[in-house]
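What follows is a single structure, written as structure tokens, with notes after it.
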Amino acid sequence: MQQLKSINEFVIRFANVNGTGSASANLMFAKSIFRMGIPVSPRNEFPSNIQGMPTFYEVRISEKGYLGRRGGGADIVVAMNSQSLARDMQSLLPGGYFLYDCTKPLPPGLIREDVNLIGVPISEICLREYQDPRQRQLFKNVIYIGALAALLDIEFEVLQGLVKDQFKGKEKLIIPNIQALQLGHKYASAHFECPLGIRVTRSDKINNHIMIDGNTAAGLGAVYGGASVCGWYPITPSTSVVENFIQYANRLRIDPASGMKNFAAVQAEDELAAIGITIGAAWNGARAFTATSGPGISLMTEFLGLAYFAEVPIVLINVQRAGPSTGMPTRTQQPDVLACAYASHGDTKQVMLFPSTPKECFDQTAEAFDLAERLQTPVIVMSDLDLGMNDHLCEALDWDDDTRYNRGKVLNAEQLEEMGKFGRYLDSDGDGICYRTYPGTHPTKGAFFTRGTSRDHYAVYTELGDIYVDNVDRLNRKFDTAATLLPKPVIRTRDKGSKVGLIYYGTTSAAATETVDLLAAKGISLDSCCIKSFPFSEEVTQFIDSHERLYVVEQNRDGQMRTLLINELETNPKKLTKVVHYDGLPISARFISGSIEAHQQHNSAGKRSTLKVASR
Amino acid sequence: MQQLKSINEFVIRFANVNGTGSASANLMFAKSIFRMGIPVSPRNEFPSNIQGMPTFYEVRISEKGYLGRRGGGADIVVAMNSQSLARDMQSLLPGGYFLYDCTKPLPPGLIREDVNLIGVPISEICLREYQDPRQRQLFKNVIYIGALAALLDIEFEVLQGLVKDQFKGKEKLIIPNIQALQLGHKYASAHFECPLGIRVTRSDKINNHIMIDGNTAAGLGAVYGGASVCGWYPITPSTSVVENFIQYANRLRIDPASGMKNFAAVQAEDELAAIGITIGAAWNGARAFTATSGPGISLMTEFLGLAYFAEVPIVLINVQRAGPSTGMPTRTQQPDVLACAYASHGDTKQVMLFPSTPKECFDQTAEAFDLAERLQTPVIVMSDLDLGMNDHLCEALDWDDDTRYNRGKVLNAEQLEEMGKFGRYLDSDGDGICYRTYPGTHPTKGAFFTRGTSRDHYAVYTELGDIYVDNVDRLNRKFDTAATLLPKPVIRTRDKGSKVGLIYYGTTSAAATETVDLLAAKGISLDSCCIKSFPFSEEVTQFIDSHERLYVVEQNRDGQMRTLLINELETNPKKLTKVVHYDGLPISARFISGSIEAHQQHNSAGKRSTLKVASR
Amino acid sequence: MSYQKSTFRHPKLPVNDLGFTHQAYEGPLSTLCAGCGHDSIGAAIIQSCHELSLPPHRIAKLSGIGCSSKAPTYFLDKAHGFNSVHGRMPSIVTGANMANRDLVYIGMSGDGDTSAIGLGQFSHVVRRRLNMLYIVANNGVYGLTKGQTSATADLGSKSKSGDVNLLEGIDLASLAIQLGATFVARSFSGDKQELVPLIKAALSHRGFAFIDVISPCVTFNNHVGSTKSYDYIRDHIETASVTDFIPVKEEIISTCEIGSNCRDICLHDGSTIRLQSVDESYDPQDRAAAMAAIEACKAEDKTLTGLLYIDPSAEDLHAVLNTTDKPLNGLTESVLCPGNEVLQVINNSFR
Amino acid sequence: MSYQKSTFRHPKLPVNDLGFTHQAYEGPLSTLCAGCGHDSIGAAIIQSCHELSLPPHRIAKLSGIGCSSKAPTYFLDKAHGFNSVHGRMPSIVTGANMANRDLVYIGMSGDGDTSAIGLGQFSHVVRRRLNMLYIVANNGVYGLTKGQTSATADLGSKSKSGDVNLLEGIDLASLAIQLGATFVARSFSGDKQELVPLIKAALSHRGFAFIDVISPCVTFNNHVGSTKSYDYIRDHIETASVTDFIPVKEEIISTCEIGSNCRDICLHDGSTIRLQSVDESYDPQDRAAAMAAIEACKAEDKTLTGLLYIDPSAEDLHAVLNTTDKPLNGLTESVLCPGNEVLQVINNSFR
Ligand SMILES: Cc1ncc(C[n+]2csc(CCOP(=O)(O)OP(=O)(O)O)c2C)c(N)n1
Ligand SMILES: Cc1ncc(C[n+]2csc(CCOP(=O)(O)OP(=O)(O)O)c2C)c(N)n1
Ligand code: SF4
Ligand code: SF4
Ligand SMILES: [Mg+2]
Ligand SMILES: [Mg+2]
């Protein structure tokens with residue numbers, strides 16, 4: 001019977017019950033591949049629930065370095081959840097391997113002829129080896145990892161090393177865990193021909209890369225970017241941004257002499273208060289940020305309008321999840337692009353950054369503070385659940401110690417002393433950005449009344465039309481300036497350059513680069529443009545102008561980035577084809593390339609310009 | 001010296017101090033013109049303040065029936081505020097008439113040679129005639145109205161009639177007011193050659209029209225539309241919508257037997273609660289609405305997303321004001337088009353209606369309840385401050401007593417009894433609209449759990465991608481259906497049809513129709529399309545397709561309706577020229593025609609496609 | 001799941017006056033953690049509604065967001081439910097009640113949902129005297145977001161992440177009394193003997209009834225001195241730095257009597273809460289006294305339970321607004337629409 | 001304008017320890033209605049800051065939206081101000097205080113701004129023990145939106161539109177005490193003798209200080225039995241159905257003593273409020289007693305004024321969070337940024 005064969009290129013899918021300790025075991029599995037020098041990308045598909053529901057963990061191993069979701073079925077399924085057995089069996093490719101707990105036999109009904117069954121009596125082993133029912137539960141996970149080590153030829157020392165690192169300081173936990181690994185390993189070696197046709201072998205593709213989730217990286221970015229005040233309210237999937245900020249700040253931001261904290265993180269009563277705290281702190285001269293998701297963005301809308309209009313520099317990290325409303329809180333999407341770009345009533349605009357990797361979460365979060373203070377406006381870092389909560393392989397983080405924070409146009413006491421009349425909203429440099437002062441700077445000069453109402457150059461309330469117009473036109477000028485300061489798109493053009501272009505952003509990038517290779521192999525050559533910021537820089541316009549047809553790939557239903565492109569760059573919509581994937585799972589190269597291929601075949605600009613997913 | 005001459009075609013501007021009782025006097029003036037059969041459009045320019053600040057009231061008298069703001073200077077200025085004398089003098093056209101209180105002489109510095117001064121010693125007269133200082137204050141206003149009656153040849157009986165109507169039931173107030181009118185009238189007749197070159201004369205252009213403000217009409221629309229629950233929170237300029245609803249409901253919705261109320265209006269603690277109350281009531285089968293402005297829209301964002309996704313039919317009346325943030329609370333704009341169209345995080349869309357007159361405020365508000373219930377989604381009536389708070393001449397309101405409310409697809413006990421399994425989100429009709437049930441309908445069938453999370457056809461929570469996609473695609477289908485049910489645009493084409501089209505909506509319509517005439521006179525012929533609803537109906541697409549160049553006229557900075565047109569209809573932006581006016585005063589035909597003329601002259605699609613106002 | 005157990009414990013119950021068995025009031029299998037106090041509250045609600053013979057479909061259950069707000073999914077599945085947004089159930093239920101005064105409204109919320117994001121709406125629905133039963137399943141943590149401290153957490157309590165709460169907890173019962181609630185009680189999820197009668201009384205009360213139910217989170221327990229039991233496992237979980245292992249636990253019902261009306265509740269982590277229930281001498285109709293009693297108890301590190309305050313002569317919002325006795329959602333054109341003749345008269349007032 | 005008058009009344013004041021005259025603490029001409037209580041509060045703040053010799057530029061004044069929230073425009077123009085959005089001043093000032101603990105924070109709000117839309121944020125800034133002075137200019141109405149009843153309006157009070165308020169008013173002072181405020185006082189805008197010392201004490205208090213100042217709205221007065229005075233004018237205004245005539249009025253300072261510590265305040269419409277100030281025997285450090293006293297007074301239709309509660313040993317939020325003594329906004333790279341070496345170590349933990 002058919003047996004899939006592959007070395008270092010396959011997908012393994014774990015099916016567990018949440019709350020049973022599988023996440024840490026599965027992470028150990030992924031880490032072991034990583035430590036064997038093989039690129040790996042694990043993805044957690046967890047329920048919005050605390051205990052007892054089906055949860056999945058899909059790991060793609062790709063020596064070629066393709067880290068996006070592969071899509072399609074898995075090569076190996078580890079089925080540890082009796083509730084989801086049928087569905088799990090279906091998720092396996094023909095010729096794939098189905099690892100399950102054979103203490104109870106599989107219901108005959110769901111057995112497939114075209115797959116290879118690998119039964120390990122895990123419960124039985126636990127029953128025999130452990131007394132404490134909780135240990136029996138917990139070690140099941142470690143045992144199947146041990147079995148996989150044998151089946152896939154994972155170096156056992158690597159796993160041992162991981163156990164040792166994980167339980168450093170809790171030595172008494174190390175031995176039992178290693179024993180559990182061995183139980184699984186022994187059983188598999190004894191009962192099956194190991195390794196399987198699908199297996200791993202040490203490689204050298206990792207360099208000095210790390211495996212980290214975007215939220216941890218963003219939290220670190222806030223520490224390095226100099227954030228000293230954070231107002232927050234918990235919400236999945238953004239909570240861990242702040243939790244990581246606090247955790248690292250508690251280590252790295254303690255005054256050596258007094259032991260006191262060089263930061264303040266205030267858990268607010270809700271998102272309105274969280275961003276209010278952030279605005280108050282930024283107004284008062286501290287670098288401040290908040291993080292939220294979905295509903296939190298809607299609740300912050302009024303304050304985002306105030307910060308835009310009163311020109312207060314804050315950083316907001318939006319870890320996007322599937323909307324609308326409560327939507328699918330534990331699924332990923334890029335659905336808040338429009339809601340953020342034009343947040344709040346009235347004519348408004350917001351600056352956005354689009355990280356694609358944890359490294360970029362770190363870099364862009366740190367840079368966001370400079371940008372916010374230079375532009376005196378909120379900067380929104382648009383991450384998402386896939387990026388924020390999954391571990392991704394990426395370049396090591398680094399920091400140039402010569403970096404000095406750019407606090408933007410702020411007048412100190414001396415400058416105020418020397419100058420004539422201070423005007424908070426005087427555009428003396430013509431770039432739309434005026435000079436601000438921190439409260440308490442000078443005894444008699446520089447004080448002003450910050451307000452959400454229309455005001456003149458001296459921050460005095462006014463209802464005069466021409467002064468209002470002068471002010472809001474300046475704000476547009478400021479956004480022209482912004483377009484020149486923000487991170488540039490990453491543009492890749494084929495040697496001769498192609499007529500067809502691919503536009504994408506954020507977490508679509510892994511799948512997008514794979515797409516370019518896939519299509520190249522099929523003779524369709526694509527240039528690509530990964531957008532990093534909004535308002536768009538000149539390069540994006542040029543990229544669009546220099547191509548005949550462009551595919552705008554995004555993870556939302558309505559093609560929101562495409563809307564921004566046609567609206568802000570006055571592009572003819574006919575030129576931009578929507579490629580949208582929005583079922584809540586990360587987008588895959590298969591989907592993108594499939595869609596583009598299909599469209600290129602009967603390529604007629606006349607055809608309706610939307611390619612969308614009907615399912616994963 | 002030049003003296004402007006005109007009969008029934010001029011603009012008079014009143015400059016007062018707010019809180020001095022001028023508003024009612026000035027309204028009496030406008031009403032008197034109205035009762036003489038002459039089309040008139042008064043506009044209040046008031047400060048965001050309660051007492052002591054400059055406030056203006058501009059009345060355009062136009063037998064031709066042009067009711068938009070004329071723009072430019074006034075023909076007559078009534079200067080009753082010593083603080084703003086200089087500015088008021090400047091606001092007068094050469095040859096115009098400057099009516100002021102000459103008890104104190106005018107500061108020589110600000111006297112203009114090219115205008116006609118008309119001094120009436122109003123304070124002196126009051127000092128002589130009244131003891132109570134408050135009466136002295138109050139009657140000043142009545143006295144200058146009396147003077148104007150003489151100067152402009154207003155029929156005195158008409159004014160007397162107005163006083164009698166106003167103080168019906170308070171007879172003791174009638175005589176003193178009429179006396180005050182006479183004091184002014186006598187003085188003017190005695191000291192000036194009456195009437196002036198500018199004057200009125202009875203006409204017959206009013207038919208059975210009425211003079212009413214949009215908020216009163218909307219409040220009445222809610223009564224007639226069958227609203228029985230209202231959650232609200234005060235905010236200018238929307239407050240009077242609800243105040244009028246309550247006032248009329250207190251008269252027209254009382255149970256004759258018990259004297260109890262057939263409606264419930266709950267003053268909430270804020271806008272989040274106001275819309276929450278509305279959603280709860282609509283969910284429970286009552287027709288419910290709320291009204292708000294500016295910041296209130298931002299605060300309602302999260303709930304608008306819930307109502308969209310959970311498909312709860314509510315009506316929201318947005319009386320727009322100048323944004324962003326607190327902006328200019330007492331100035332008009334159309335700045336919330338985008339914020340409402342895509343309100344809330346995630347992929348969302350909202351239905352909008354755009355009334356142009358108080359009559360339409362009444363009709364569309366009433367119809368909004370049918371539309372909301374038929375479409376099972378929020379319907380937002382996009383009024384604005386100019387429409388809502390100023391009295392406008394419009395057709396009389398009327399109601400067809402055969403009208404039956406269309407409650408949409410709701411299953412009653414019998415229907416549930418007869419049917420098989422009930423599925424709240426089963427699209428059995430293929431129009432994207434499913435059947436709902438009210439709580440408590442049937443003992444065992446029809447109950448379901450309304451939620452903001454992803455769910456299957458039976459309202460059961462799900463995280464399965466294909467089911468999520470099926471549901472949100474259906475919502476898009478529902479909006480296709482909406483486009484066929486909503487009010488159609490009003491399209492006016494020249495006999496032969498023109499290559500150039502004018503697109504506008506809401507309160508721009510008065511200025512737009514005048515524009516078409518103005519430009520026709522200059523040989524520029526325009527077809528026009530007044531948008532009444534979003535999502536756009538087929539006719540809008542056809543109008544755009546059938547014209548080479550289109551001017552999209554709106555009262556916001558960023559051309560928000562134009563954004564919707566290019567985004568939703570896939571129109572080439574190059575084809576749509578922005579004509580935007582956003583200084584907070586109502587747009588004028590002079591501005592629109594001027595902009596278009598200029599643009600048509602060196603008409604090259606290459607030119608930057610924005611024409612904007614730099615000031616009034 | 002614990003919920004499922006509970007039905008094992010009491011097998012078939014007798015039918016009530018409506019001829020319904022207990023099952024007619026139940027819901028689907030719960031997805032909350034095994035042993036979660038919230039499911040015990042659900043079971044108590046089921047029992048109360050059954051014993052009161054309320055027609056299940058004439059009840060509406062509303063909630064915000066949180067584990068506690070999910071709980072209504074698992075009881076009364078013949079009743080319409082509305083799982084709204086975080087902290088906003090009070091406004092939703094206000095509108096619902098205005099639309100149809102004839103249904104029975106049960107709002108279920110959590111301590112985060114009510115005391116943090118929802119504090120404003122909670123305070124105002126209390127003040128508005130809405131005729132409803134408002135239950136807070138109070139565990140002092142944000143369960144669904146994995147264990148952050150909530151505003152009702154006691155001073156000194158520890159969060160999952162280990163940091164100690166240095167702010168005083170908000171006492172929702174006192175707050176409710178002060179803001180004018182006319183029925184205020186407190187109880188414990190595991191104590192059906194006390195809880196069921198309170199819920200029945202609350203459901204029979206006309207006006208705003210509030211019950212603060214201590215409902216331990218078995219997973220993110222954050223009570224003082226969480227030391228005892230499963231050291232090994234906790235060590236493991238902590239170091240694994242992924243709190244993804246949740247030992248299956250039994251619902252907490254064990255209470256040990258210590259003196260009259262006073263009992264200790266032993267939580268899974270070994271810590272205890274001491275409950276003092278009001279005794280016969282207690283007068284629940286004295287507002288000031290009630291608040292004083294609550295304070296006094298707290299001073300002794302005890303939590304006062306039972307019916308804390310009631311004003312039997314209470315009026316509800318409909319009385320305040322003088323709305324008709326008929327449900328507004330049932331009114332038709334004939335009543336709602338004044339007709340064209342009236343409109344023409346109105347037109348004249350604008351000429 | 002009334003503000004302008006007040007400077008007439010006291011001519012040049014002596015300079016304070018900083019050598020500043022009263023004028024150094026003033027602001028531009030007020031645009032509030034003549035006689036508005038809010039301007040009297042402003043004057044009291046000016047006097048207090050002057051007498052305390054606070055450097056004007058080291059004060060920050062923050063507010064929400066409303067006439068009361070506009071008031072800060074008209075005092076302390078050497079101080080930075082933040083006129084934020086409706087009901088959200090508490091979160092803004094929390095952030096501001098976190099960023100720089102060395103400034104003096106004065107938050108000014110209205111009863112609508114605080115007890116309606118802002119109730120949640122107010123409650124939580126109290127609970128958080130932010131080191132600030134929070135003043136509510138309490139007139140029981142929404143002034144800026146023209147006279148709707150607010151949540152602090154007394155039961156039975158009439159709104160401009162004539163309907164009677166049937167809900168109990170929220171007593172912000174009791175609420176603040178219950179939620180853990182460590183300085184709670186109440187006074188009357190026209191009574192400088194009582195108000196100024198209270199403001200000075202509050203400004204000197206470390207922790208959250210709250211003063212509920214009764215500040216009559218001369219324009220949309222909504223007190224019980226508004227009958228007396230200007231019948232003619234009121235008639236006129238009412239029938240004109242446009243409340244656009246606002247007679248110029250004097251600031252209310254007239255109070256008539258009636259017995260020890262008890263005085264009546266006569267409002268413009270002829271109605272009166274009876275104020276009872278705490279006497280010597282009163283112990284402001286007993287929380288329960290304070291709340292009882294407030295209740296008792298209310299029961300007699302009196303409003304208790306003076307320093308109602310104080311906990312001198314209070315800690316503020318910085319103590320709770322253990323933040324450094326230096327203002328956070330003054331920290332530089334050297335302190336804020338851990339540097340690359342540390343980052344490389346962190347990298348290793350992710351391999
Ligand atoms: C606006 C918004 N903010 C945050 C969240 C994330 N969230 C979900 S539940 C919850 C707290 C739940 O705590 P509680 O009300 O005590 O319920 P419990 O889970 O403890 O029963 C939070 C913050 C959300 N869903 N919506
Ligand atoms: C979000 C929002 N809702 C409503 C308003 C309208 N508004 C302005 S001031 C105000 C109430 C002010 O009342 P209060 O706080 O008592 O201040 P006062 O004017 O009485 O001093 C309201 C509702 C607003 N500006 N913003
Ligand atoms: S996390 Fe806590 S509150 Fe949530 S279901 Fe589990 S035990 Fe209950
Ligand atoms: S309306 Fe009332 S509160 Fe507002 S300024 Fe006038 S008097 Fe003061
Ligand atoms: Mg909780
Ligand atoms: Mg007020």
Report the residue from Cys340(B), Pro335(B), Ser298(B) that forms a side-chain contact (heavy atoms from CB on, under 4.5 Å) with His345(A). Ser298(B)
Contact summary for Pro324(B) and Thr348(A), nearest pair of heavy atoms: CB-CG2, 3.6 Å
Not counting sequence neighbours, which residues clear salt bridge (charged side-chain N to carboxylate O under 4.0 Å, His left out) with Glu58(A)? List them please. Arg13(A)
Flag the pair Lys574(A) and Glu570(B) as a salt bridge only when some basic side-chain nitrogen lies within less than 4.0 angstrom of an acidic carboxylate oxygen. no
Taking the side chain as every heavy atom from C-beta outward, state whether Glu463(A) and Thr330(B) have any atom pair closer than 4.5 Å. yes
Correct closest heavy-atom pair for Tyr468(A) and Asp583(B) would be CD2-CA, 4.3 Å
Any idea which of Ala307(B), Gly452(B), Gly323(B) has the most non-hydrogen atom pairs under 4.5 angstrom with chain A? Gly452(B)
Between Asp558(A) and Asn476(B), is the side-chain contact (heavy atoms from CB on, under 4.5 Å) condition met? List the steps. CA-CA 9 Å; Asp558(A) 295 339; Asn476(B) 270 351; 3.6 Å; yes
State, to 0.1 Å, how close Phe309(B) and Gly327(A) come at their nearest heavy-atom pair, and which atoms those are. CE2-CA, 4.3 Å
Rounded at 0.5 Å granularity, tell me how far CD in Glu271(A) sits from CD in Glu302(B). 7.5 Å
Go through Leu475(A) and Arg557(B) one step at a time and tell me if the side-chain contact (heavy atoms from CB on, under 4.5 Å) criterion holds. CA-CA 11 Å; Leu475(A) 290 176; Arg557(B) 181 191 66 182; 4.0 Å; yes
Side chains of Asn567(A) and Ile566(B): does their closest heavy-atom pair fall under 4.5 Å? yes
Just verifying a value: how many Å separate Thr301(A) OG1 and Ile297(B) CD1, rounded to the nearest 0.5 Å? 11.0 Å
For residues Tyr308(A) and Ser325(B), determine if any side-chain heavy atom of one lies less than 4.5 Å from a side-chain heavy atom of the other. no
Are Tyr582(A) and Asp473(B) side-chain neighbours, meaning at least one heavy-atom pair lies under 4.5 Å? yes
Which one wins on heavy-atom pair count under 4.5 Å against chain B: Ser454(A), Gly296(A), Gly584(A), Ala339(A)? Ser454(A)
Among Pro47(A), Ser293(A), Gly305(A), Pro329(A), single out the residue with the greatest number of heavy-atom pairs under 4.5 Å to chain B. Pro47(A)
CD of Gln560(A) to CG of Asp347(B): how many Å apart, nearest 0.5 Å? 5.0 Å
Does Ser344(B) reach the side chain of Pro295(A), with side-chain heavy atoms less than 4.5 Å apart? no
Turns out that what part of Leu272(A) lies under 4.5 Å from chain B's heavy atoms comes down to side chain
Taking the side chain as everything from C-beta on, heavy atoms only, tell me whether Asn572(A) gets closer than 4.5 Å to Lys575(B). no
For Phe303(B), is it the side chain, the backbone, both or neither that has a heavy atom under 4.5 Å from a heavy atom of chain A? neither
